[in-house]
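Down below is the structure, laid out as structure tokens.
Each chain gets a letter, A, B and so on, in the order the sequences are listed, and its residues count up from 1. Note that the structure is predicted; figures quoted are calculated from it, not measured.
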Amino acid sequence: MDENEYDFRRLEAKWAPVWESERPFDVSDEPDDRPHKYILDMFPYPSGDLHMGHAEVYALGDVLARYWRLRGHRVLHPIGWDSFGLPAENAAIKRGVNPRDWTYDNIAQQRASMKRYAASFDWSRVLHTSDPEYYRWNQWLFLELYNKGLAYRKDSWVNWDPVDQTVLANEQVLPDGTSDRSGAMVVKKKLTQWYFRITEYADRLLDDLDRLEATWPAKVLTMQRNWIGRSQGAEVIFTVDGTDRTIPVFTTRPDTLFGATFMVVAPDSDLASELVSTADPMVRQEFAAYLEEVQKKTEIERQDATRPKTGVFLGHSATNPINGESVPIWTSDYVLADYGSGAIMAVPAHDQRDLDFALKFGLPVRVVVDVPSDEPLDPASSGVAATGDGPHINSGELNGLLKSDAIATAIEMVEASGHGSIKTTYRLRDWLISRQRYWGTPIPIIHGSDGELIPVSLDDLPVELPATEGLDLRPKGSSPLGGAEEWVTVADPRDGSPARRDPDTMDTFVDSSWYFLRFLSAHDDTQAFDPEKVRAWAPVDQYVGGVEHAILHLLYARFITKVLFDLGHLDFDEPFNALLNQGMVILDGAKMSKSKGNIVFFGEELDKFGVDAVRLTMAFAGPPEDDIDWADVSVTGSHKFLARAWRVACDVSSDVGVEPASGSAALRRVTHKLLADVSGLVEAYKFNVVVARLMDLVNNVRKEIDSGAGGADPAVREASEVVALTLSMFAPHVAEDMWEILGHERFVGLQTFPPADQSLLVEDTIVAIVQINGKVKERLEVEPGISEADLTALAMDAVARSLEGKTVRTTIVRAPKLVNIVTAG
RNA sequence: GCGGGUGUGGUGAAAUUGGUAGACACGCAGGAUUUAGGUUCCUGUGCUUCGGCGUGUGGGUUCGAGUCCCUCCACCCGCACCA
């Protein structure tokens, strides 16, 4: 190997061991005066080696971490593994390996790849969520929620695979309604599961999004707002005729109460079965058949709004509290059991779904809002519901009122008679956290023989997973942990009688909802996190990760943070001050996938072009939020640029510390303009522009060396040092080597940017443009301080020929940059 | 259907507050060095009938619009019977 040739393999082999032994980016617990920054990349799931998506997120996250160090901040940039989860278990079943071995083998591989990738992580704080040292505190968190009444059990309808005998996530149900594992038609089954009461936080989760407006992507804010789906309206209470059973309904349009001509109840609700139990045998039979049909439908089929309405009459009627009218009660699957009260008042004239149903089953349609339109058409004959505003008719005291007044008046009316009130409803459901899986955090609850739920004492945590030996991990409808007889059987803490552990494990999103706090006290075995460290570092200043977590992970982490705030463990209630969602790395316009065979492998790219070239390409490809099509970018180009930058450092022949003032003013201006602009650019995530400016600076140094004063020019040294510093954000090996070649002590990543010299930023001359009627005609070199009058005179002179025979009407002057001459006619 | 976003050269993309459109690259063409190729260095490269024309379409505001407003078109993403 020639030391005078740029060779990325040599540089990687040279520097990786140095960083490995010196650990320049570990953050100690010693106090430090520098301002703090907590930069966090979403931690990976260990499902094999790293892929190009990881290459992007860890390249971009490292740009930000390294940037803040260069700005003189103390930066915490930790990494860990989200290592519980289903793929480990699937691999275990399929290949007969131990899920633990599979997981930790993959972690070892990813860890080696990450080190090779040279991200500036603090390797002293690594955590794995599948370590008992971590999930112990996950269990502590569960108990904190349980004690606060935020973790509870309830019956619910879940996706059930009748062949594999297991619960499936919605994502595991294919569009045709079959299981992605067994191919069997998925059905609904009612099971008792653990939930976290996230709905209690719906308002705060929604309202606090306003505080993130400037620092989170608009897309994520919108998605979360839609997901929470706050809807304001009223609850109105109907009464089943001949009984004192009441049915509350939620409506956003209480003003249309006079137009309610029937009610609809969700077929899978308790109310429907209760009502039908006292109906004719004929009705009962029809209902039973309908319910069976509905339950055969998948969630996907059911959500198809274009499907014709179906339903049956429930054999009862109810009284509308606003006008005492009796209306029939039907059931239909367009009403959902778990939204609102699972029952609605149907106003077919003013709601399309109700109208579709009414027309199908011949139910009456009564117009109560006179919606002005070009072609007034009766909804019953047009088939189009009138959803607009207008004066109310056929509505007693509401007649003549417009929507907003009518809503207020209607609510007053039902409130006065004790039949309703203002009400807010949410789309957000409570978070189902039970999983009938092995590879997760055991739920720290003991079931007494009397059915009592007994939380495991904090002293007995962690409840460790039993060994897999002798366990049947195959899906069978209940958790494999239930088969670990010795593990599951415990003495009831109350009286020593036989009791059983809860056999379920927690959703792995629980693990990741607070991991950013654990990094602050990764090895503390006395508490989940140290409040002192939390005060020093949290919340996270900058979070980096994919948009696929826009709802789930980010919503859960926000929820858990608010819970911990309420419990007094934190003094902030939003976990991530700023969020960057990087795009995907795709190939030939499509997402990479094994089946399509369009995969670029992380390791192969590093072998071919080197770590620095791949990282630089990630930053230079375009705005970080956009997808990178690997076919459209040039890693070779990045490699060539890095070699060019490295050679520039080799050509510097002045001494360390040489006074730059005597150097080329033109080159110094380019150098200092970059220094002046780099902060704004990085903080606006314009990494691609920083790289472009860096290339420009290198081109300028090259020119100065080759055709200017040469490598001895002090400005060349100054520029090369700024190149090394700036480049360290993108290409750590090249930057570190340049720094050494330039005669400095390592590490370049621990230096700070010199301040930009403002006096150097002023141009000697600038180009003013002369326009006629807004079109550019001439360019003039002028002094920056030129007066408006002088500039105008110069401009007039420059375009005199074009102005011949024309009358100048007015002149717009923006000295020193622009003159626009407006002519008449 | 509802909500959010994006449209700029052959390609990836730049463009403070409205003020030189296409920075920086890739690709391509030509040249120098070397010469087997590659590397390195230099020059050119939006279109053009050489008048001009150009930021998806059509309009508007303005002395001036990629940027602001309206219309339409295309594509991407999210949600989708949520009462």
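Nearest nucleotide to the A:D626 side chain, out of B:A13, B:U20, B:C81: B:A13. Counting only heavy atoms from C-beta on, A:V776 has its side chain closest to B:A21 among B:A21, B:A14, B:G4. When distances are taken from the side chain of A:L336 to each of B:U20, B:G12, B:A83, the shortest belongs to B:A83.
Scanning for side chain to side chain contact (heavy atoms under 4.5 Å, CB included) contacts around A:A621 gives A:I628, A:V633, with sequence neighbours left out. The side chain to side chain contact (heavy atoms under 4.5 Å, CB included) test applied to A:D627 returns A:M584, A:I586, not counting sequence neighbours. Among residues two or more places apart in sequence or in another chain, the ring-ring contact (aromatic ring centres under 6.0 Å, His included) test is passed with A:Y201 by A:F559. In this structure, the ring-ring contact (aromatic ring centres under 6.0 Å, His included) partners of A:Y334, at least two apart in sequence or on a different chain, are A:F357. For A:H419, there are no ring-ring contact (aromatic ring centres under 6.0 Å, His included) partners at least two apart in sequence or on another chain. The ring-ring contact (aromatic ring centres under 6.0 Å, His included) check on A:W431 picks up A:F196, A:Y556, with sequence neighbours excluded.
Nucleotides B:G30 and B:G12, compared at atom P, are 25 Å apart to the nearest Å. Between B:G10 and B:G3, the distance separating the two P atoms is 35 Å to the nearest Å. Taking the P atoms as reference points, B:G19 lies 11 Å from B:A65, given to the whole Å. Nucleotides B:U11 and B:G27 have their C1' atoms positioned 7 Å apart, rounded to a whole Å. Distance check on atom P: B:A14 versus B:A25 gives 15 Å, rounded to whole Å. The gap from the P atom of B:C2 to that of B:G56 amounts to 25 Å, rounded to the nearest Å. Between B:U34 and B:C41, the distance separating the two C1' atoms is 12 Å to the nearest Å.
Annotated as anti: B:G66, whose O4'-C1'-N torsion sits more than 90° from 0.
Contacts between residues 679-688 of chain A and RNA chain B, defined by a heavy-atom separation under 4.0 Å, are made by A:K686, A:N688.
Between A:S634 and the phosphate of B:G27, there is no side-chain N or O to OP1/OP2 separation shorter than 4.0 Å.
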Expected string for nucleotides 31-53 of chain B under the B/S/- scheme (protein heavy atoms, under 4.0 Å, primed atoms plus P, OP1, OP2 as sugar-phosphate) is --------SSS------------

Under 3.5 Å, which protein N or O atoms sit close to an N or O of nucleotides 75-77 of chain B? Give each pair with its distance.
residue	atom	partner	partner atom	Å
B:C77	O2'	A:K219	NZ	2.8

Check the interface with nucleotides 60-68 of chain B: list each N/O to N/O pair with the protein under 3.5 Å, or write none.
residue	atom	partner	partner atom	Å
B:C63	O2'	A:N820	ND2	3.2
B:C63	O2	A:N820	ND2	2.5

List the atom pairs, with distances to 0.1 Å, where a side-chain N or O of residues 338-347 of chain A and a protein N or O form a donor-acceptor pair under 3.5 Å, not counting sequence neighbours.
residue	atom	partner	partner atom	Å
A:D338	OD1	A:R429	NH1	2.9
A:D338	OD2	A:R429	NH1	2.9
A:S341	OG	A:P248	O	2.4

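Helical stems in RNA chain B, defined as runs of 3 or more consecutive Watson-Crick or G-U wobble pairs with donor-acceptor distances under 3.5 Å: B:1-7 with B:73-79, B:10-12 with B:24-26, B:27-32 with B:40-45, B:58-60 with B:68-70.
One can place OH of A:Y334 at 8 Å from C1' of B:A83, the figure rounded to the nearest angstrom.
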